[in-house]
Amino acid sequence: MKNIVIIGGSKGIGSAILIQQLQSNQVYNLSRTAPDVSHPNLTHYSVDVLQDELPEIENIDTLIYCPGSINLKPIGNLSISDFKNDFEINVIGAVKAIQKYLPALRKGQNPSILLFSTVAAKLGMPFHASIATAKAGVEGLVKSLGAELASVIRINAIAPTITETSLAAGILRNDRMKENMIERHPMKGYLKPNEVAHMANFLISDEAKSISGQVFAMDYGMVSFKI
């Protein structure tokens with residue numbers, strides 16, 4: 001049984017990961033709202049990762065940082081505050097969590113860190129300037145820390161395409177928009193949270209002990225293929 005800290009495990013992809021990991025691991029969830037699940041292996045801390053002091057957790061094998069944002073606007077409508085807020089949610093929060101729990105991770109069992117990017121960090125997409133900039137920072141963090149911590153802790157990221165979560169509800173708000181999104185992807189689909197959770201499970205497992213500093217696209221072919 002591993003000790004897994006999930007930041008943002010009450011909704012969306014984070015919730016799917018949390019539910020999957022509860023079956024065989026001790027999970028500590030840090031988020032403003034509690035998950036809609038109770039389990040003997042779950043400990044919840046109600047915190048705002050950007051504003052509050054993070055709780056002391058002595059034994060940690062894996063840290064997963066899930067918070068993200070979808071802030072899609074033309075560049076002329078994006079304020080400096082938009083850029084700052086997206087960067088804080090996606091990058092500064094992750095850095096704060098890593099710095100806080102690095103000492104515990106160093107003592108962990110095959111310790112690992114998992115972050116989240118987006119396909120928009122690789123594929124130029126209109127109206128994604130703020131979030132793509134922030135997630136590019138996440139990918140830079142993965143590469144840099146992968147090298148810095150290579151002998152001690154693994155760190156990877158998943159870069160998903162649009163995923164059916166509450167965060168993306170505005171983009172997938174009706175059947176027509178869902179069909180259009182399916183058609184935009186060469187493999188004719190988009191992600192469900194459980195698909196991402198399965199990839200997360202692999203990347204934090206001992207089976208992935210040779211993998212670090214990598215960003216894995218889950219894109220239904222959007223970045224990889226031009227058809």
Side-chain angles (χ1 to χ4, degrees), residues 2 4-9 12-14 17 30 49-50 54 60-71 82-125 128-163 167 191 195-225:
K2 289 189 175 184
I4 299 176
V5 173
I6 301 177
I7 298 180
I13 290 172
I17 295 172
L30 282 61
V49 68
L50 294 178
L54 300 182
I60 304 175
D61 301 305
T62 297
L63 172 64
I64 303 174
Y65 185 86
C66 301
S69 53
I70 299 180
N71 185 14
D82 286 323
F83 279 90
K84 287 181 177 179
N85 289 339
D86 285 335
F87 194 81
E88 286 182 354
I89 292 168
N90 291 281
V91 181
I92 300 302
V95 170
K96 180 179 177 180
I98 291 169
Q99 289 182 329
K100 172 70 176 182
Y101 296 122
L102 190 59
L105 281 164
R106 288 182 182 275
K107 298 181 290 184
Q109 175 187 354
N110 185 23
S112 63
I113 299 168
L114 181 64
L115 306 181
F116 283 88
S117 182
T118 174
V119 292
K122 288 288 193 295
L123 179 67
M125 301 172 70
H128 283 67
S130 181
I131 186 59
T133 298
K135 290 300 193 182
V138 171
E139 295 194 7
L141 186 64
V142 167
K143 293 293 184 181
S144 180
L145 291 185
E148 182 175 337
L149 303 173
S151 63
V152 184
I153 301 169
R154 298 185 302 108
I155 178 168
N156 293 292
I158 297 172
T161 187
I162 191 74
T163 307
L167 194 64
L191 287 167
E195 294 177 76
V196 186
H198 287 306
M199 173 64 90
N201 184 58
F202 169 70
L203 289 174
I204 66 175
S205 73
D206 292 347
E207 283 74 19
K209 65 182 180 181
S210 66
I211 301 172
S212 190
Q214 304 301 311
V215 179
F216 291 87
M218 297 186 70
D219 65 356
Y220 274 88
M222 177 172 276
V223 176
S224 305
F225 307 138

- Are the side chain of Ser212 and the backbone of Ile155 linked by a donor-acceptor contact shorter than 3.5 Å? yes
- Message: Please report the interatomic distance CG(Asn85) to CD1(Ile92), rounded to the nearest 0.5 Å.
- Response: 12.0 Å
- Point-to-point distance, once rounded to the nearest 0.5 Å, from NZ of Lys135 to NE2 of His128: 11.5 Å
- Query: Can you name the residues that form a side chain to side chain contact (heavy atoms under 4.5 Å, CB included) with Asn201, not counting sequence neighbours?
  - Reply: Gln20, Gln21
- How long is the gap from CD1 on Ile98 to CD1 on Ile7, to the nearest 0.5 Å? 9.0 Å
- Show the numbers, then the answer: is there a side chain to side chain contact (heavy atoms under 4.5 Å, CB included) between Ile70 and Ile131? CA-CA 7 Å; Ile70 299 180; Ile131 186 59; 6.0 Å; no
- Using the side chain to side chain contact (heavy atoms under 4.5 Å, CB included) rule, pick out the option among Asn90, Val196, Thr163 that qualifies with Phe116. Val196
- Within-4.5 Å side-chain heavy-atom neighbours: Val49 and Leu54: yes
- Query: What do the steps show when you test Leu203 against Ser112 for side chain to side chain contact (heavy atoms under 4.5 Å, CB included), and what is the final call?
  - Reply: CA-CA 8 Å; Leu203 289 174; Ser112 63; over 6 Å; no
- Check: Asp86/Ser130 side-chain N/O donor and acceptor closer than 3.5 Å: yes
- So, for Ala136 and Ala121, which heavy atoms are closest and what is the spacing to 0.1 Å? N-CB, 4.2 Å
- Could I get the full list of side chain to side chain donor-acceptor pair (under 3.5 Å) partners for Asn156, not counting sequence neighbours? none
- Looking only at heavy atoms, the pair that brings Asp219 and Val223 closest together is OD2-N, 3.0 Å
Residues 137-150, side-chain donor-acceptor partners within the protein, below 3.5 Å, at least two apart:
from	atom 1	to	atom 2	distance (Å)
Glu139	OE1	Lys122	NZ	2.4
Glu139	OE2	Ser117	OG	2.7
Lys143	NZ	Gly213	O	2.9

- Task: Please report the closest heavy-atom contact between Ile204 and Lys2, naming both atoms and the distance.
- Result: O-NZ, 3.2 Å
In residues 103-111, what donor-acceptor pairs under 3.5 Å come from side-chain atoms, sequence neighbours left out?
from	atom 1	to	atom 2	distance (Å)
Asn110	ND2	Asp206	OD1	2.8

- Can you sort out the partners of Phe225 under side chain to side chain contact (heavy atoms under 4.5 Å, CB included), two or more places apart, ordered by chain and number? Pro186, Met187, Ile227
- Query: Just how far is it from atom CG of Leu114 to atom CZ of Phe202, taken to the nearest 0.5 Å?
  - Reply: 12.0 Å
- Item | Summary of side chain to side chain donor-acceptor pair (under 3.5 Å) pairs that have at least one residue in residues 91-104, sequence neighbours excluded | Glu56-Lys100
- Note on the structure: One should read off an interatomic distance between Leu30 CG and Tyr65 OH, to the nearest 0.5 angstrom, of 10.5 Å
- Message: Return the CD1 to CD1 distance between Ile13 and Ile158, rounded to the nearest 0.5 Å.
- Response: 7.5 Å
